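Structure, as structure tokens:
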2 protein chains.
Amino acid sequence: MTASTEAPRRTRIQQEKRELILEAALEVFSANGFRGSTIDQIAEAAGMSKPNLLYYFRRKEDIHETLMERLLETWLAPLRELDDIGDPMTELRSYIRRKLEMARDFPRESRLFANEILQGAPRIMPLLAGELKTLVDEKASVIKGWMRAGKIARTDPWHLIFSIWATTQHYADFDVQVRAVLGPNRGGDGRFEDAARFLEQLFLDGLKPKG
Amino acid sequence: MTASTEAPRRTRIQQEKRELILEAALEVFSANGFRGSTIDQIAEAAGMSKPNLLYYFRRKEDIHETLMERLLETWLAPLRELDDIGDPMTELRSYIRRKLEMARDFPRESRLFANEILQGAPRIMPLLAGELKTLVDEKASVIKGWMRAGKIARTDPWHLIFSIWATTQHYADFDVQVRAVLGPNRGGDGRFEDAARFLEQLFLDGLKPKG
DNA sequence: CTAACGTTTGTCCAATCGGTCAAAATTTGC
DNA sequence: GCAAATTTTGACCGATTGGACAAACGTTAG
């Protein structure tokens, strides 16, 4: 085993405080972006002084890097679960549902990711072209199989995955706009159920009238 | 007419230089966000010194504000064109096509807008809840009419509009990711045509297999 | 108790930021 | 061609930033 893969030995306090800092950093980074966030803001959100925070993470970038590494795993989990064994249409439907639930329950993670991509993904470009591409290609193959078997309509699997990402993450990344447009009545907690119903119909039947 | 609506008298040089600055600012802001961009960066991109730039726009925020005002008009133009007079399915299809063309031809504008919304839309919140909501509500009524007439499937018009925004703008805002995942072959110039074909099929028929 | 180790803090620093200002250079109106 | 107005520049300022550092404080094992 190489030195770089060894987990550093850490005290109980170090583990706890590092978690505290990462939680605070997620809050701050996702709201202001990397360059828009200051170490002071994160330190205050974590309830400690700036030098104290820098004792646990030596550089601002280290916090962001750690955050992004963790994020990517949980973020891609739903796609990893997309499996060949179930009914294709059901599999896709539950993938969409899971992604929408993540947008609802982890909007900060979604925004942090969106921020990074928007700025050209300077810190995670290798991951996108490597691990992410591999995973998507793999799942695209699964979907292609479903198409060949006549289980779902023939179309482009990659763009299908993009469209699922786009439509679901929209409810986290553009939440302010969604709520502003829906207004006080329909923009409340029910908006995610409305979105779920709409997306299910869209991906199942499209807009062509029945009959 | 109130004083605030009067266009300030400007010399030829002022008009030209202001345009130059706004173009440079669009480049810088869309790549780095508001707080991530510096006046020096914009000045350099515009080929002038910082004090010179500040002679035309007294504050950094003034540049951003002017940019956002202009942007919103052109950005909403496609939706304004969505008209009751044509065939509903054709109207929607060309709206999607127009939005996708904007993502292809004006990605910086899309990213600037995305950046603003992601940060909570601090500078354009009133516009979202006012002008934008009014426009969307209006077009939602048009779409509702189409549904009542049986021209398109019954579903939620607001979320339909969101899904069109999300899927099309995705190709501008997440362009880096799209190209990374598609790879060198399919991530080239043809990706927008592939996306157009896919989206047309998605919004028309969904994924349910034919027959 | 105490020495070693881990944690926290106050102070400080160089770099960068948005923005000012007066003076110099240039353009424009007559 | 010249005076007035406009444009450009270099020098500068206070505030904020990421980060360094040594000293003080706390904890823990023997």
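Chain identifiers are assigned alphabetically (A, B, ...) following the order of the sequence lines, protein sequences preceding nucleic acid strands; residue numbering begins at 1 within each chain. Model, not experiment: these values are computed from the prediction.
Straight-line distance from the CZ atom of A:Arg35 to the P atom of D:dT16: 18 Å, rounded to whole Å. Going from atom CG of A:Asp40 over to atom P of D:dA15 covers 16 Å, rounded to whole Å. A straight line from CZ of A:Arg58 to P of D:dC21 spans 10 Å, rounded to a whole angstrom. Regarding B:Phe57, its CZ atom lies at a distance of 19 Å from the C1' atom of C:dT20, rounded to whole Å. Counting to the nearest Å, the P atom of C:dC12 and the CG atom of A:Leu54 are 18 Å from each other. In this structure, B:Ile63 places its CD1 atom 11 Å from C1' of C:dG18, rounding to the nearest Å. Rounded to whole Å, the distance from CD on A:Glu44 to P on C:dT8 is 17 Å.
Geometrically, A:Lys99 engages A:Trp75 in a cation-pi contact, judged by NZ or CZ lying under 6.0 Å from the ring centre and within 45° of the ring axis. Figure legend: B:Arg18 and B:Phe57 shown as a cation-pi pair, the cationic atom lying under 6.0 angstrom from the six-membered ring centre and within 45 degrees of its axis.
When distances are taken from the side chain of A:Lys60 to each of D:dT17, C:dG18, D:dG18, the shortest belongs to D:dG18.
Taking the charged nitrogens against the carboxylate oxygens, A:Glu200 and A:Arg97 have no contact shorter than 4.0 Å, which rules out a salt bridge. Look at A:Arg186 and A:Asp194 and you find a salt bridge, because one of the NZ, NE, NH1 or NH2 atoms lies within 4.0 Å of a carboxylate O, short of that distance.
At least one donor-acceptor pair under 3.5 Å links the side chain of A:Ser37 to the backbone N or O of A:Val28.
A side chain to side chain donor-acceptor pair (under 3.5 Å) with A:Asp175 holds for exactly one of A:His170, A:Arg191, A:Arg104; it is A:Arg191.
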- Note on the structure: Each nucleotide of nucleotides 7-14 of chain D classed B (base within 4.0 Å of a protein heavy atom), S (only sugar-phosphate) or -, in 5' to 3' order, makes BBBBB---

